[in-house]
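The structure appears below as structure tokens.
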Amino acid sequence: MAAITRSIPNAQDIRLLYETVRIAGEAKRKGNHPFGALLADKDGNILLEQENSYEEGGSAMHAETLLLFKACKLYDPSFLATCTLYTNAEPCVMCTGALYWTNVRRLVFGITEARLLELTGADEQNPTFDLPSHEVLAHGQKDIEVVGPTDDKELEKAIVADHLSFWVH
């Protein structure tokens with residue numbers, strides 16, 4: 001079984017999580033769901049950014065999965081193992097699976113899937129799973145670090161604000 005380590009975001013993680021908030025805000029302004037993801041190398045350099053793209057292809061067009069599909073075409077799995085996926089909200093089961101299969105070994109998220117469910121409520125556009133990514137990854141065979149949710153109150157407030165003003169309850 002996999003060794004899943006869990007921790008809270010460090011200063012570099014917080015900086016990059018704020019970038020996911022920016023990306024999510026851009027998605028929201030375009031009418032897409034307010035989710036943003038980015039891939040960073042081990043030094044914190046942003047390699048790829050991706051917003052949710054619900055309007056372009058339906059409910060499976062999650063930012064994390066789209067970003068990871070692009071990443072595995074551009075980078076070797078051994079390089080991806082040194083990278084981090086950042087996302088404003090904890091990845092769903094599908095996106096967590098994409099992280100696993102593309103070989104990204106570190107995940108950082110702002111709010112939990114359970115918190116997201118509180119924010120989206122019964123909105124049929126986002127029938128949220130309440131299954132934490134670390135539980136999904138624990139059933140795999142790779143060692144992956146899961147970092148989150150944030151303990152930075154201002155960051156959490158910014159993430160939550162995008163969702164409160166988007167979803168119909």
Side-chain angles (χ1 to χ4, degrees), residues 6-41 44-71 83-99 102 104 106-137 145-169:
R6 298 184 64 201
S7 60
I8 59 169
N10 62 35
Q12 177 172 280
D13 294 333
I14 297 295
R15 176 181 64 81
L16 290 168
L17 283 170
Y18 271 108
E19 291 298 315
T20 69
V21 172
R22 175 187 55 77
I23 298 163
E26 291 171 8
K28 183 177 150 186
R29 283 187 288 285
K30 294 176 185 174
N32 285 314
H33 295 176
F35 295 99
L38 65 84
L39 184 71
D41 68 13
N45 298 306
I46 297 173
L47 304 172
L48 295 170
E49 295 183 4
Q50 182 67 52
E51 64 186 50
N52 227 48
S53 191
Y54 182 84
E55 297 300 320
E56 293 179 28
S59 59
M61 298 296 124
H62 295 190
E64 301 91 340
T65 293
L66 291 170
L67 180 140
L68 290 162
F69 284 173
K70 289 177 184 177
C83 293
T84 301
L85 173 67
Y86 289 87
T87 181
N88 61 325
E90 184 173 17
C92 71
V93 175
M94 175 182 70
C95 295
T96 300
L99 173 123
T102 56
V104 173
R106 187 167 186 266
L107 166 65
V108 179
F109 61 87
I111 62 170
T112 65
E113 185 82 357
R115 180 68 173 120
L116 179 62
L117 180 57
E118 292 172 8
L119 299 170
T120 62
D123 192 305
E124 62 187 39
Q125 288 187 69
N126 198 51
T128 303
F129 274 102
D130 186 6
L131 183 58
S133 55
H134 70 272
E135 288 183 24
V136 174
L137 294 167
E145 181 181 5
V146 178
V147 181
T150 184
D151 61 351
D152 181 299
K153 296 302 176 197
E154 290 304 310
L155 174 58
E156 180 181 2
K157 208 170 168 182
I159 295 168
V160 167
D162 273 340
H163 289 283
L164 283 176
S165 63
F166 187 86
W167 303 104
V168 177
H169 296 281

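All values below come from the heavy atoms of this structure, side chains included, with hydrogens, waters and symmetry mates left out.
Residues G44 and Q12 approach most closely at CA-NE2, 3.5 Å, considering heavy atoms. The shortest non-hydrogen separation linking A37 to L67 is O-CD1, 3.6 Å. In terms of heavy atoms, L39 sits closest to C83 at CD1-CB, 3.8 Å.
For the atom pair F69 CZ and L48 CG, the distance stands at 14.0 Å (nearest 0.5 Å). One finds the CG atom of L68 at 4.0 Å from the OG1 atom of T102 (value rounded to the nearest 0.5 Å). Rounding to the nearest 0.5 angstrom, the gap separating the CG atom in L38 from the CD atom in E64 is 10.5 Å.
Looking only at side-chain heavy atoms (C-beta outward), P149 and E156 stay at 4.5 Å or farther from each other. Residues V160 and R115 form a side-chain contact, since some pair of their non-hydrogen atoms from C-beta on lies under 4.5 Å apart. No side-chain heavy atom of L116 sits under 4.5 Å from any side-chain heavy atom of E90. When side chains are defined from C-beta on, L131 does not count as touching E113, because their heavy atoms never get closer than 4.5 Å. Side chains of L119 and I111 form a contact here, defined as non-hydrogen atoms less than 4.5 Å apart. Looking only at side-chain heavy atoms (C-beta outward), P91 and L107 come within less than 4.5 Å of each other.
Taking the six-membered ring for Trp and thresholds of 30 and 60 degrees, H33 and F166 have ring planes more than 60 degrees apart, a perpendicular arrangement.
A side-chain donor-acceptor contact under 3.5 Å links N52 to the backbone of A63. The backbone N or O of G36 sits less than 3.5 Å from a side-chain atom of N88, completing a donor-acceptor pair. Judged by distance alone, the side chain of H163 and the main-chain N or O of P34 form a donor-acceptor pair under 3.5 Å.
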Working for side chain to side chain contact (heavy atoms under 4.5 Å, CB included), residues Q50 and I23: CA-CA 7 Å; Q50 182 67 52; I23 298 163; 6.0 Å; no

CA sep, side-chain torsions, deciding dist, call: V146, F109, side chain to side chain contact (heavy atoms under 4.5 Å, CB included): CA-CA 8 Å; V146 178; F109 61 87; 3.7 Å; yes

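Here Y86 pairs with nothing under the ring pair (Phe, Tyr, Trp, His ring centres under 6.0 Å) rule; sequence neighbours left out. Not counting sequence neighbours, Y18 has no partner by the ring pair (Phe, Tyr, Trp, His ring centres under 6.0 Å) test.
A salt bridge links E26 with R22: at least one charged nitrogen is closer than 4.0 Å to a carboxylate oxygen.
Within a 6.0 Å sphere centred on CZ of R15, other residues, nucleotides and ligands contribute more than 12 heavy atoms.
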